[in-house]
There are 2 protein chains.
Amino acid sequence: MATHDERPAEPERVRAPNIRDVARVAGVSYQTVSRVLNDSPSIRPETLQRVRDAISELGYRPNQAARALVTSRSRTIGVLSAQTVHYGPATATNAIETAAREAGYRLSITNISSTEYASIKSAVDYLMSQSVEALIVIAPQVRVFEALNDLQVAVPYVTLEATGLNTSHSLWVDQVQGARIATRHLIELGHTEIMHISGPQDWIEAEARMQGFLRELSDADLRTRAPILGDWTASFGYYAGIELLRYRDFSAVFVGNDQMALGFMHACREHGLDVPGDISIVGFDDIPEAAHFAPPLTTVRQNVAEIGRRAIALLLGELRGEEGLSHDPVQPELIVRESTARRR
Amino acid sequence: MATHDERPAEPERVRAPNIRDVARVAGVSYQTVSRVLNDSPSIRPETLQRVRDAISELGYRPNQAARALVTSRSRTIGVLSAQTVHYGPATATNAIETAAREAGYRLSITNISSTEYASIKSAVDYLMSQSVEALIVIAPQVRVFEALNDLQVAVPYVTLEATGLNTSHSLWVDQVQGARIATRHLIELGHTEIMHISGPQDWIEAEARMQGFLRELSDADLRTRAPILGDWTASFGYYAGIELLRYRDFSAVFVGNDQMALGFMHACREHGLDVPGDISIVGFDDIPEAAHFAPPLTTVRQNVAEIGRRAIALLLGELRGEEGLSHDPVQPELIVRESTARRR
DNA sequence: CGTTGCGATGTGTACGGTCACATCCGCACG
DNA sequence: CGTGCGGATGTGACCGTACACATCGCAACG
């Protein structure tokens, strides 16, 4: 009907070599090739070598799709993440990617733009439609958890950097403990009026840090005051500082993350206040830049990469049918620098 | 031999519903269901509805592996990235993910730990074994390019944030221009002795920024001096500062990125030098924190997210067979804050 | 020396879709 | 009123692999 192509002469499309092509070249059956690929024990060394030679000669690569189809295993782990630009999540994702790749798994990463139910649902749908075998959630917001529960996720999953609720699925740095050691540090320096700038209310981490802060204060019989709820950004820290410093009825601040601490210190400078002379500040995260803030920031270091690695280990174990692997929280560590001093 | 299970009674494994199950429920042939899935035009509205009902009744999800197998299209775009923790790459990756998802593509991301040839080759192999249809490279190092050329990547690819060589595949913010406006700004403030702290020598971006710096200086007939080669980290900026400030034969510094600028300013403080009073500093990137450094940093903003989006658009176009889409570099913008002042 | 057992290898089939082609139906046309 | 045509739908084959099972050859055994 259309153009009359000369069909027989040219091979036309170059099809990627498949397992039968390899078999033909090696002079064995395709099943033997399959055995080589899945390193089955009972193969004669000589045959093995012939097949391997054929594979590299043809530049053969097993077709993952075909394999996934027949085994009904995608060898994919889904990562549901919010705010991958943040230091913590980005670091964790990195570690996860490496660990997954080493274990022969690939990752499918998706970011949620908002914590709206619909947004989360669509992200989960997206991942499920790729038939991920497991799920890692790095979106430590209360609503994400609710959505996850509600969606009846059918695969094993863990949530990172969350504390408290839903512990069977969680893997986390002990945020409460981190907040406590940060707060205790300030108390031990003689501060009695301590402020807290927290992360967004619906972030579980923010909540945990706040709890740790409040508990430590009440254990020391100190006055607690309502924390400020921020959004993790340096800008928020700055504007919060401008507000708070108008009535300066505190001598120390525990800030929910290093970025906000940076902004807060900016506000202090503008008010002509010395850190730590007039105000002591502790951050949280220990981002690489924190050591070079003005002044270098005292903060709480948490090993998120370790958490990422554990997440993969946990999930792979679960996929293998092992149960009850350790969920011990990773312990945070206080890094004392120059943003805190004895109250004067 | 082992436990004697009652086999016949229970359906055992719950198989996910497939296209034929849907067809049975809807009372049509599987081909009709396939037509619905690929929204073919010629379907009676009534039939369409029946099929849709059946799909949602069964909770049917098309099996991507099967689809990929038969169409030999993976609908996957590979991302080869170095240092995803950095602000630029992370932001770009985010934008890429969103754009790809909207276009019905998924991403396969892999990080390279080093720029060793073997490491790059293994990353490319990894991605190719997933039969990615296209590749985005966010690892702007010379050696990565060489490896890429050498590996004869068989799919369309673009490299991000690179300048100069290999332009047919590159998409970038005009780094040379960015460096020039940064340098020009310092010159216009009366500085004649200007230092440059660059990124690692093998990063194409670092090279481009250095070129821009040198060209602008020579256009202004100013003395050029050998730039310091750093590693992008705040720590390096700090130690470089400590060294450089021992012989303070310059009044301004153009630093290759904001993190190193932060470290450098830290060193200035320790030397009792005022920024911008004694030394003017310009950074590069405009990370969100830069506005809150001490002092707020004058820097060059580049829209990496835009680059990421364009990368996807370009690749998708190429996959559709369109040629020669626009490769115009994105123009950077100078953000003047308080780390630069007229020379006194 | 026939049988058994096991290691090494080959054959059939299923996985869940899409594509090419065949079929069916109703309507407009000559 | 037969024919042609196009829209709607169904049938067969195939994509590349892994699994279950069959087969083959050889050594050890009674």
Side-chain angles (χ1 to χ4, degrees), chain A residues 1-2 5 7 12-52 54-55 58-75 104 128-131 133, chain B residues 1 7 12-52 54-55 58-75 104 128-131 133:
Chain A
M1 198 176 272
D5 293 319
R7 185 67 53 79
E12 198 73 22
R13 277 182 64 206
V14 275
R15 197 177 42 79
N18 65 21
I19 200 173
R20 290 168 208 258
D21 297 327
V22 175
R24 199 174 315 115
V25 171
V28 296
S29 77
Y30 57 84
Q31 177 56 24
T32 301
V33 177
S34 174
R35 289 200 179 89
V36 171
L37 296 176
N38 298 286
D39 34 47
S40 142
S42 50
I43 296 215
R44 254 192 317 160
E46 181 198 318
T47 314
L48 182 67
Q49 195 50 52
R50 276 223 311 283
V51 172
R52 288 218 173 116
I55 286 178
L58 294 177
Y60 165 79
R61 281 216 175 81
N63 182 319
Q64 307 259 18
R67 188 175 271 183
L69 175 59
V70 69
T71 58
S72 59
R73 303 195 49 197
S74 63
R75 295 215 156 261
M128 294 317 269
S129 80
Q130 300 181 38
S131 40
E133 294 180 32
Chain B
M1 199 176 272
R7 185 68 53 78
E12 197 72 23
R13 277 183 63 207
V14 276
R15 199 176 39 81
N18 65 22
I19 200 173
R20 291 168 209 254
D21 297 327
V22 175
R24 199 174 315 118
V25 170
V28 296
S29 77
Y30 57 82
Q31 176 58 24
T32 301
V33 178
S34 174
R35 290 202 178 88
V36 171
L37 296 177
N38 299 289
D39 34 46
S40 143
S42 51
I43 296 219
R44 256 191 314 160
E46 182 197 317
T47 314
L48 182 67
Q49 194 52 52
R50 277 222 310 283
V51 173
R52 290 217 172 118
I55 286 178
L58 295 176
Y60 166 79
R61 281 214 174 84
N63 181 319
Q64 307 259 18
R67 188 176 272 179
L69 176 59
V70 69
T71 58
S72 59
R73 303 195 50 196
S74 63
R75 294 215 156 262
M128 294 318 269
S129 80
Q130 301 180 36
S131 39
E133 293 181 31

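Since the structure is predicted, the reported quantities are computational estimates derived from the model, not experimental observations.
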Trainee: Using modelled atom types only, decide if a donor and an acceptor are shared between the side chain of Ser131(A) and the backbone of Ser74(A) within a distance under 3.5 Å.
Mentor: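 No: the side chain of Ser131(A) does not pair with the backbone of Ser74(A).
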Trainee: Report the distance from atom CD1 of Ile55(A) to atom P of dG16(D), rounded to the nearest whole Å.
Mentor: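 Whole-Å distance recorded here is 16 Å.
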Trainee: CG of Leu69(B) versus P of dC15(C): gap in Å, rounded?
Mentor: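 Going from Leu69(B) (CG) to dC15(C) (P), I get 14 Å.
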Trainee: Find the distance Ile19(B):CD1 to dC19(C):P and express it as a whole number of Å.
Mentor: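 Going from Ile19(B) (CD1) to dC19(C) (P), I get 11 Å.
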Trainee: Where is the tightest heavy-atom contact between Leu69(B) and Ala65(A), given as atom of each residue plus distance?
Mentor: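 Between these two residues, the closest heavy atoms are N-CB, 3.9 Å.
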Trainee: Give the residues of residues 35-51 of chain A touching DNA chain C, defined as any heavy atom closer than 4.0 Å, sorted by residue number.
Mentor: Arg35(A), Ser42(A), Ile43(A), Arg44(A), Thr47(A)
Trainee: With a 4.0 Å cut-off on heavy atoms, is Arg61(B) in touch with a base, just the backbone sugar-phosphate, or nothing at all?
Mentor: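 Here Arg61(B) touches the backbone only, sparing every base.
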Trainee: Please list, pair by pair, any protein nitrogen or oxygen found under 3.5 Å from a nitrogen or oxygen in nucleotides 23-26 of chain C.
Mentor:
none

Trainee: Would you mind reading off the distance between Arg67(A) atom CZ and dA14(C) atom C1', rounded to a whole angstrom?
Mentor: 17 Å
Trainee: Within the 4.5 Å heavy-atom criterion, are Val22(B) and Leu58(B) side-chain neighbours or not?
Mentor: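 With C-beta onward as the side chain, the pair touches.
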Trainee: Is there a donor-acceptor pair under 3.5 Å between the side chain of Gln130(A) and the backbone N or O of Gln64(B)?
Mentor: no
Trainee: Between Asn63(A) and dG16(D), does any side-chain N or O lie under 4.0 Å from OP1 or OP2?
Mentor: no
Trainee: Show me the donor-acceptor pairs within less than 3.5 Å that the side chains of residues 39-50 of chain A make with the rest of the protein, sequence neighbours left out.
Mentor:
{"residue": "Gln49(A)", "atom": "NE2", "partner": "Asp53(A)", "partner atom": "OD1", "Å": "3.0"}
{"residue": "Arg50(A)", "atom": "NE", "partner": "Ala26(A)", "partner atom": "O", "Å": "2.9"}

Trainee: As a quick check of understanding, evaluate side-chain contact (heavy atoms from CB on, under 4.5 Å) for Val51(B) and Ile55(B), giving each step before the final call.
Mentor: CA-CA 6 Å; Val51(B) 173; Ile55(B) 286 178; 4.1 Å; yes
Trainee: List in numerical order all residues of residues 22-32 of chain A for which some heavy atom is under 4.0 Å away from an atom belonging to DNA chain C.
Mentor: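 Output list: Val28(A), Ser29(A), Tyr30(A), Gln31(A), Thr32(A).
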Trainee: Taking CZ from Arg75(B) and C1' from dT18(C), how many angstroms apart are they, rounded to a whole number?
Mentor: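 For the pair Arg75(B) CZ and dT18(C) C1', the rounded distance is 13 Å.
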Trainee: To the nearest 0.5 Å, what is the distance between CZ on Arg67(B) and CD1 on Ile19(B)?
Mentor: 8.0 Å
Trainee: Can you name the closest pair of heavy atoms from Pro62(B) and Leu37(B) and give their distance?
Mentor: CB-CD1, 4.5 Å
Trainee: Please give me the minimum heavy-atom distance between Asn18(B) and Tyr60(B), naming the atom from each residue.
Mentor: C-CE1, 3.6 Å
Trainee: So, using salt bridge (charged side-chain N to carboxylate O under 4.0 Å, His left out) as the criterion, who are the partners of Arg61(B) when residues are at least two apart?
Mentor: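 Partners of Arg61(B) under the salt bridge (charged side-chain N to carboxylate O under 4.0 Å, His left out) test: Asp125(A).
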Trainee: What residues, two or more places apart in sequence or in another chain, satisfy salt bridge (charged side-chain N to carboxylate O under 4.0 Å, His left out) together with Arg20(B)?
Mentor: none
Trainee: Could you give the CG-to-C1' distance, from Asp21(A) to dC15(D), as a whole number of Å?
Mentor: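 Rounded to whole Å, this separation is 13 Å.
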